[in-house]
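For reference, the structure discussed in these notes is given below.
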Amino acid sequence: MKIESITLNHIRMPLVSPFETSFGREVERECVIVAIRSEGLTGYGECVATRDPGYNYETTGTAVHILKDFIAPLILGQDVQDADDFQRRVAGIRGHNLAKAGVEMALWDLLGKRENKSHRELFGGAREKVAVGVSIGIQESAPRLVKSAADYIKQGYQRVKIKIKPGRDVADASAVRKEFPNIRLQVDANSAYTLDDAKILKPLDALNLLLIEQPLFEDDIWDHHKLQEEFSTPICLDESITSPRHARYAIEMKACRVINIKAGRLGGLSQGVMTHDICRENNLPVWCGGMLETGIGRASNLALASLPNFILPADISASDRYYKQDITNERFTLNEDSTIDVPTGAGLGVTVNEDALKNFSLAAIQLNLP
Ligand code: OSB
Ligand code: MG
């Protein structure tokens with residue numbers, strides 16, 4: 001596919017409700033939408049970098065810089081065959097996985113459109129709908145959290161994840177568990193603890209949680225091993241797994257019993273599929289994480305989560321949980337069995353509402369052939 005032009009659209013969208021984690025509170029979400037044109041087709045990708053370097057070191061600002069100054073020059077005017085070819089071309093750029101993944105997603109969308117195949121077909125997805133849950137940010141108080149969980153459960157979500165941080169952990173999780181003794185419940189600390197202070201999380205072991213996500217720092221794979229030895233609840237790694245290799249390290253070190261797969265964090269969908277395969281070979285269940293994606297990234301996540309070893313419910317909620325107005329014409333809705341349908345159209349299977357994209361745009365950079 002000869003890459004004829006690339007557009008980087010830095011956008012900001014209001015969230016339906018604020019999303020608070022151990023690293024901060026988001027009222028609006030920023031990301032970069034990548035559009036790549038080739039042979040009369042346009043492929044779209046979502047770079048899930050956030051405004052602030054809280055989840056990891058990347059931001060929308062660093063992503064635009066890396067995309068414009070380093071990635072685009074390597075592919076503009078070039079005949080890029082597929083995702084593997086793209087990964088070989090950008091292998092000299094260290095890190096910046098979220099930036100790389102945004103472009104890879106757009107290339108998959110182009111490939112699918114050219115071959116008239118959905119992402120699910122291209123990846124070899126096994127299912128037509130994906131079991132999903134809802135990720136609830138830190139609320140003002142435990143009773144408010146219970147109320148929020150109750151609202152989502154009423155809407156049909158059968159799995160609830162709550163965000164925790166020091167001072168807002170055991171009591172919050174216990175309150176939700178007490179109100180909903182049978183709901184599938186899990187917690188996510190986003191790297192807010194050290195091995196020493198994670199001891200206070202021990203009472204979580206009595207709450208029948210599906211998993212405890214990323215309690216320690218990103219580079220603390222070995223300390224997660226030590227922590228896992230102390231807990232009967234599975235530890236799940238998110239931030240720590242930045243490549244398929246890191247999944248292997250975590251498995252070999254027995255640092256976790258579950259892995260959260262996000263194509264962005266891993267550097268692309270191809271890397272997400274590879275990580276899935278490594279975990280599958282090692283009988284380690286995975287699930288698909290989320291980054292409050294727009295309809296573009298959500299479509300991509302659904303296709304990825306249709307692979308067979310995505311065993312636990314995904315952090316993919318219905319569009320109305322995030323945005324009143326999305327940038328895709330399609331909106332995703334929750335089925336009665338707490339699933340969402342995987343798109344079936346060519347490529348990502350969604351169409352972009354160019355007016356909405358323009359309305360949310362902070363800056364658009366157009367990169368053409370000289
Ligand atoms: O750690 O999973 C996370 C959102 C932004 C950054 C990090 C995370 C999250 C979520 C949101 O939990 C999940 C979703 O998209 O619904
Ligand atoms: Mg997480």
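In listed order, ligands and their atoms are each counted from 1.
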Close-contact set for ligand 1 against Y322 heavy atoms, below 4.0 Å: 14 (C), 15 (O), 16 (O)

N260 N/O to ligand 1 N/O under 3.5 Å: no

E213: its N/O/S atom lying closest to the Mg ion (ligand 2) (atom name): OE2

N56 and E218: side chain donor to acceptor below 3.5 Å: no

Minimum-distance N/O/S atom that D188 presents toward the Mg ion (ligand 2): OD2

Ligand 1 versus D238: contacting region, heavy-atom distance under 4.0 Å: side chain

For the Mg ion (ligand 2): the N/O/S atom of D238 at shortest distance: OD2

Pair D341 + K129: basic N to acidic O under 4.0 Å: no

Proximity winner for atom 1 (O) of ligand 1, if only heavy atoms of L292, I162, N190 are counted: N190

Any R321 heavy atom less than 4.0 Å to ligand 1: no

Pair Y55-K262, side-chain donor/acceptor within less than 3.5 Å: yes

Pair E230 + K226, salt bridge at N-O below 4.0 Å: no

Lys/Arg N to Asp/Glu carboxylate O, K2 vs D79, below 4.0 Å: no

Greater than 12 external heavy atoms within 6.0 Å of K358's NZ: no

Proximity flag K262 to ligand 1, non-hydrogen atoms under 4.0 Å: yes

Polar contact flag for Y55 and ligand 1 (N/O pairs, less than 3.5 Å): no

F332 six-ring face occupied by R321 cation (under 6.0 Å, within 45°): no

